[in-house]
There are 2 protein chains.
Amino acid sequence: MTQRGSYAKGVARREQILEAALAVIAREGYRAASVREIADAVGLSQAGLLHYFDSKEHLFVEILRKRDELDLRTYHPEGGGDLPAAYERMIAHNAQVPGLVHLFARMSVEAGDPAHPAHAYFADRTAGFLDGLRDWFQHAADAGRMAPEVSPATASRLVQAAWDGAQLQWLLDPSVDMAAIVRAAFQSALTGREAQLR
Amino acid sequence: MTQRGSYAKGVARREQILEAALAVIAREGYRAASVREIADAVGLSQAGLLHYFDSKEHLFVEILRKRDELDLRTYHPEGGGDLPAAYERMIAHNAQVPGLVHLFARMSVEAGDPAHPAHAYFADRTAGFLDGLRDWFQHAADAGRMAPEVSPATASRLVQAAWDGAQLQWLLDPSVDMAAIVRAAFQSALTGREAQLR
DNA sequence: GTCTATACTCTGATAGAC
DNA sequence: GTCTATCAGAGTATAGAC
């Protein structure tokens with residue numbers, strides 16, 4: 001009884017909608033990333049769906065948030081373990097859901113406008129990723145596994161940019177190996193790189 | 001008299017339109033990257049402008065092509081000289097024209113769809129850049145300046161991805177140093193990196 | 001070659017009934 | 001909470017006059 005019934009129900013429904021939306025876009029591809037398609041898929045009218053969100057853009061940001069939540073829970077190690085391996089798993093998964101990658105890319109471009117509802121989401125997300133990366137590289141440096149002339153900050157930026165850029169290249173040509181690109185970015189800052197970059 | 005008058009005039013007008021469009025978007029920003037804005041800027045009606053292009057999408061592809069043409073002429077060395085320095089100049093220039101970077105990013109996402117008019121443009125452009133990069137890294141390898149375990153192909157992909165990704169990050173946060181990210185990507189494959197990555 | 005005018009499509013937003 | 005119905009707006013494409 002910590003939540004009023006109707007409120008809790010609304011929240012639950014919202015979550016359920018987001019998960020359903022995620023599933024459709026994953027399954028049907030980028031075409032399904034429109035308000036009408038999602039409404040159909042979750043069994044609501046367009047107006048019924050928008051009842052739960054401030055606008056189309058807000059809906060899509062929430063979809064991406066939910067995706068992050070699920071992905072982090074599924075693929076991310078506890079307490080900053082093997083970050084490159086976690087990234088690899090996420091990327092391998094992404095390669096199965098081009099619709100979501102496309103939606104993410106579209107939104108990240110649109111979010112360039114500071115007034116866009118997704119702007120804060122991407123700013124926070126980027127900051128979060130960079131924090132995790134910097135910590136990881138710092139640990140690598142402390143363990144002597146890092147080229148001393150490479151700062152964790154720059155290495156982190158490079159990994160992040162490589163990931164985003166690899167997605168763009170992959171959307172254009174699915175034969176592109178996203179994981180290899182990100183792996184290369186990681187290794188760029190590390191010592192003992194023999195036989196790793198190919 | 002190698003060209004018929006009216007045809008040559010049409011072509012010339014087209015080039016002139018593209019250069020004017022480029023100038024407006026560079027000056028006015030991403031907002032100006034719409035058919036109506038460009039029509040106004042070049043002193044034509046919307047229909048008048050579209051008379052020269054098959055569609056809106058084709059118009060924008062041609063704008064990007066023209067930009068490449070001018071940028072390559074201005075910033076690119078003859079015969080594959082100092083590629084990183086050329087990139088650096090281009091990136092410094094890009095940082096002055098956010099509207100064009102934004103347009104480019106938008107188009108590169110939309111071009112993910114193989115049916116999109118920009119698809120071939122981006123495929124060709126990527127292939128061209130990768131060729132140039134691979135040649136350059138190959139020369140570096142021949143000169144013994146490259147970590148032997150790094151293939152020119154992977155290094156090229158990484159540089160390309162880093163550039164694209166850096167642009168996305170920069171659009172989101174203009175304090176991001178695009179040049180530093182691309183520089184880091186270049187150096188990742190090279191030996192003698194002391195005091196270069198920061 | 002260029003314009004005016006219009007038609008059309010898509011899609012998001014809103015009002016109001018149930 | 002959800003629907004139907006309608007509106008509003010953006011923006012492209014086209015027809016046809018000059």
Side-chain angles (χ1 to χ4, degrees), chain A residues 3-21 24-25 28-64 99 102-103 106-107 109-111 113 115-118, chain B residues 3-21 24-25 28-63 99 102-103 106-107 110-111 113 115-118:
Chain A
Q3 292 178 309
R4 251 85 46 78
S6 63
Y7 178 71
K9 189 184 170 194
V11 169
R13 183 85 175 99
R14 225 177 104 110
E15 298 302 297
Q16 177 194 339
I17 288 170
L18 292 174
E19 284 170 29
V24 211
I25 301 172
E28 306 291 333
Y30 184 64
R31 306 266 179 80
S34 76
V35 177
R36 277 197 163 78
E37 291 293 326
I38 294 172
D40 287 355
V42 303
L44 277 177
S45 69
Q46 185 197 240
L49 172 57
L50 285 186
H51 169 73
Y52 290 93
F53 302 92
D54 291 341
S55 73
K56 168 213 173 190
E57 309 297 351
H58 287 87
L59 163 62
F60 285 113
V61 179
E62 293 309 313
I63 290 175
L64 292 180
H102 202 154
L103 174 63
R106 181 187 91 191
M107 296 290 284
V109 170
E110 291 176 357
D113 177 355
H116 193 282
Chain B
Q3 293 178 308
R4 252 89 44 80
S6 63
Y7 178 71
K9 189 183 169 194
V11 169
R13 184 83 174 99
R14 223 177 105 109
E15 299 301 298
Q16 177 195 337
I17 287 170
L18 292 174
E19 283 170 31
V24 211
I25 301 172
E28 305 292 333
Y30 184 64
R31 306 268 178 80
S34 75
V35 176
R36 274 200 165 77
E37 291 295 322
I38 294 171
D40 287 355
V42 302
L44 278 176
S45 69
Q46 185 197 232
L49 172 58
L50 285 188
H51 170 74
Y52 290 94
F53 303 91
D54 290 342
S55 73
K56 169 212 172 193
E57 309 297 350
H58 288 87
L59 163 62
F60 284 113
V61 178
E62 293 309 313
I63 290 175
H102 202 154
L103 174 63
R106 181 186 88 190
M107 296 289 283
E110 291 175 358
D113 177 356
H116 193 281

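Within every chain, numbering begins at 1; the chains are lettered A, B, ... in the order of the sequence lines, protein sequences first and strands thereafter. Only heavy atoms go into these numbers, but all of them, side chains included; no hydrogens, no water, no symmetry mates.
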State, with a plain yes or no, whether a side-chain heavy atom of [X] is found less than 4.5 Å away from one of [Y].
X	Y	result
A:L59	A:L18	yes
A:Y30	A:I25	no
A:F53	A:V61	no

Atom pair distance, as rounded to whole Å: [atom1] in [X] and [atom2] in [N]:
X	N	atom1	atom2	answer
B:F53	C:dG1	CZ	C1'	14 Å
A:D40	D:dT4	CG	C1'	15 Å
B:L50	C:dA7	CG	P	19 Å

Give every pair of a protein N or O atom and an N or O atom of nucleotides 3-6 of chain C that lie under 3.5 Å apart, one pair per line with the distance.
| residue | atom | partner | partner atom | Å |
| --- | --- | --- | --- | --- |
| C:dC3 | OP2 | B:S45 | N | 2.8 |
| C:dC3 | OP2 | B:S45 | OG | 3.0 |

Inset, instruction - Check salt bridge (Lys or Arg N to Asp or Glu O under 4.0 Å) between A:E28 and all other residues, then give those that pass, not counting sequence neighbours. - result: none
Legend entry - By salt bridge (Lys or Arg N to Asp or Glu O under 4.0 Å) - contacts of A:E110 (at least two apart): A:R106
Show me, pair by pair, the donor-acceptor contacts under 3.5 angstrom made by side chains of residues 33-48 of chain A, not counting sequence neighbours?
| residue | atom | partner | partner atom | Å |
| --- | --- | --- | --- | --- |
| A:S34 | OG | A:E37 | N | 3.4 |
| A:R36 | NH1 | A:Q46 | OE1 | 3.3 |
| A:S45 | OG | A:G48 | N | 2.9 |

Legend entry - Nearest non-hydrogen partners of A:A21 and A:I63, listed with the distance: CB-CD1, 3.7 Å
Inset, instruction - Could you list the residues that satisfy side chain to side chain donor-acceptor pair (under 3.5 Å) with A:H51, not counting sequence neighbours? - result: none
Inset, instruction - Would you jot down, in residue-number order, the residues of residues 54-61 of chain A having a non-hydrogen atom under 4.0 Å from DNA chain C? - result: A:S55, A:K56
